[in-house]
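Before any comments, here is the structure.
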Amino acid sequence: MVADQLRPRGILDERLLAAMEDIPRHLFVPARLAPRSYEDCPLQIGEGQTISQPYIVAEMTQALRLSGTEKVLEIGTGSGYQTAILCRLAGEVVTVERIASLLEKARKVLMEPYTENVRFRIGDGTMGVPEEAPFHRIIVTAASPKVPTPLFEQLAEDGIMVIPVGERWEQDLLRVRKEKGRMRKEVLGGCRFVPLIGQFGFHE
Ligand code: SAM
């Protein structure tokens, strides 16, 4: 996966590549899909949701520019695979999922080696987690019609947010920075995520 799918497409952050080499992606998918877990595509994880394609996980994580000390907010725990990578590369992680059954599965898989620096939340992640703010980094792994205002408010000064923004089934992957309180956006490429459902996202 690392040699065939990530390095040739410009993922060059060695800490990230080592984490993706180490973390057993097959544990984060339903058992019947384990043989396909390193393929170059997203896979169904139940409840109509997906574990993202390995390259997308890598691209989003690389775009966060993590040094190892940051407090990160992740919206859309899903399988917990992205969470495991964030736990390796950042100081602490708060992850939010709106579907309880997915959060519980992710919590179980992450239980062993990764739990010391992760806190799990159930609920509408478009509201962020104000009592834990500010966050140095925010990653949203579902598609939003716009950058949710509470998330931008909870981003620290000079912080970075990576988020897919656009239509329900087709979006631009954005890197958003907070500079002197203002929003600066950069388009990293096109993408297709499941919708972010919530007060500041899409409606069900
Ligand atoms: N990063 C995940 C992984 O590696 O498995 C993929 C996440 S999946 C593409 C998007 C997730 O966002 C789904 O699990 C979905 O239930 C969740 N989601 C959608 N809207 C949400 C919201 N408002 N708050 C929290 N989670 C949300």
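This chain uses plain numbering: 1 for the first residue, then up along the sequence. Only this structure's heavy atoms are used, side chains among them; waters, hydrogens and symmetry mates stay out. Just follow the structure's listing: the first ligand is 1, and inside any ligand the first atom is 1.
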Please write down residue, atom name and distance for the protein heavy atom closest to [atom].
{"atom": "atom 15 (C) of ligand 1", "result": "Q49 OE1, 3.3 Å"}
{"atom": "atom 3 (C) of ligand 1", "result": "S79 OG, 3.4 Å"}
{"atom": "atom 21 (C) of ligand 1", "result": "R98 CD, 3.3 Å"}
{"atom": "atom 16 (O) of ligand 1", "result": "E97 OE2, 2.6 Å"}
{"atom": "atom 10 (C) of ligand 1", "result": "T141 O, 3.3 Å"}

Under 4.0 Å to a heavy atom of [X] - the qualifying atoms of ligand 1, by number:
{"X": "L102", "answer": "14 (O)"}
{"X": "I51", "answer": "4 (O), 5 (O)"}
{"X": "I99", "answer": "16 (O)"}
{"X": "V194", "answer": "9 (C), 10 (C)"}
{"X": "T50", "answer": "5 (O), 6 (C), 7 (C), 8 (S), 9 (C)"}
{"X": "G76", "answer": "1 (N), 2 (C), 7 (C), 11 (C), 12 (O), 17 (C), 26 (N)"}

Does ligand 1 have any atom sitting under 4.0 Å from a heavy atom of [X]?
{"X": "P42", "answer": "no"}
{"X": "G123", "answer": "yes"}
{"X": "S52", "answer": "yes"}

Taking distance alone, with N or O pairs closer than 3.5 Å, would you say [X] contacts ligand 1?
{"X": "Y81", "answer": "no"}
{"X": "G125", "answer": "yes"}
{"X": "I197", "answer": "yes"}

- Message: Quick check with a 6.0 Å cut-off and a 45 degree axis cone: is K178 positioned over the face of F152's six-membered ring?
- Response: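 So K178 does make the cation-pi contact.
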Any ion pair linking [Y] and [X] (charged N to carboxylate O, less than 4.0 Å)?
{"X": "K180", "Y": "D158", "answer": "no"}
{"X": "E92", "Y": "R119", "answer": "yes"}
{"X": "K185", "Y": "D172", "answer": "no"}
{"X": "E131", "Y": "R121", "answer": "yes"}
{"X": "E167", "Y": "R192", "answer": "no"}

- Determine whether the side chains of Q82 and T61 contain a donor N or O and an acceptor N or O closer than 3.5 Å.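 Yes, a side-chain donor-acceptor pair sits under 3.5 Å.
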- Message: What I want to check is whether the side chains of T77 and E74 have a donor and an acceptor closer together than 3.5 Å.
- Response: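 No, no side-chain donor-acceptor contact under 3.5 Å.
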- Message: Are the side chains of I139 and L64 in contact, using a 4.5 Å heavy-atom criterion?
- Response: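 With C-beta onward as the side chain, the pair touches.
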- Once you round to the nearest 0.5 Å, how far does OG of S144 lie from CZ of F202?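 Output value for this atom pair is 6.5 Å.
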- Task: Check T83 against ligand 1 and report side chain, backbone, both or neither, counting heavy atoms closer than 4.0 Å.
- Result: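 Under 4.0 Å from ligand 1, T83 contributes no heavy atoms.
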- Side chain, backbone, both or neither: the part of Q82 lying under 4.0 Å from ligand 1 by heavy atom: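 For Q82, backbone and side-chain atoms both sit under 4.0 Å from ligand 1.
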- Query: Are I11 and L86 grouped together when hydrophobic residues (ILVMFWY) are joined by side-chain heavy atoms under 4.5 angstrom apart?
  - Reply: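 Yes, same cluster.
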- Is a side-chain N or O of R15 found less than 3.5 angstrom from the main chain of L66, in a donor-acceptor match?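 Looks like yes, one N/O pair under 3.5 Å.
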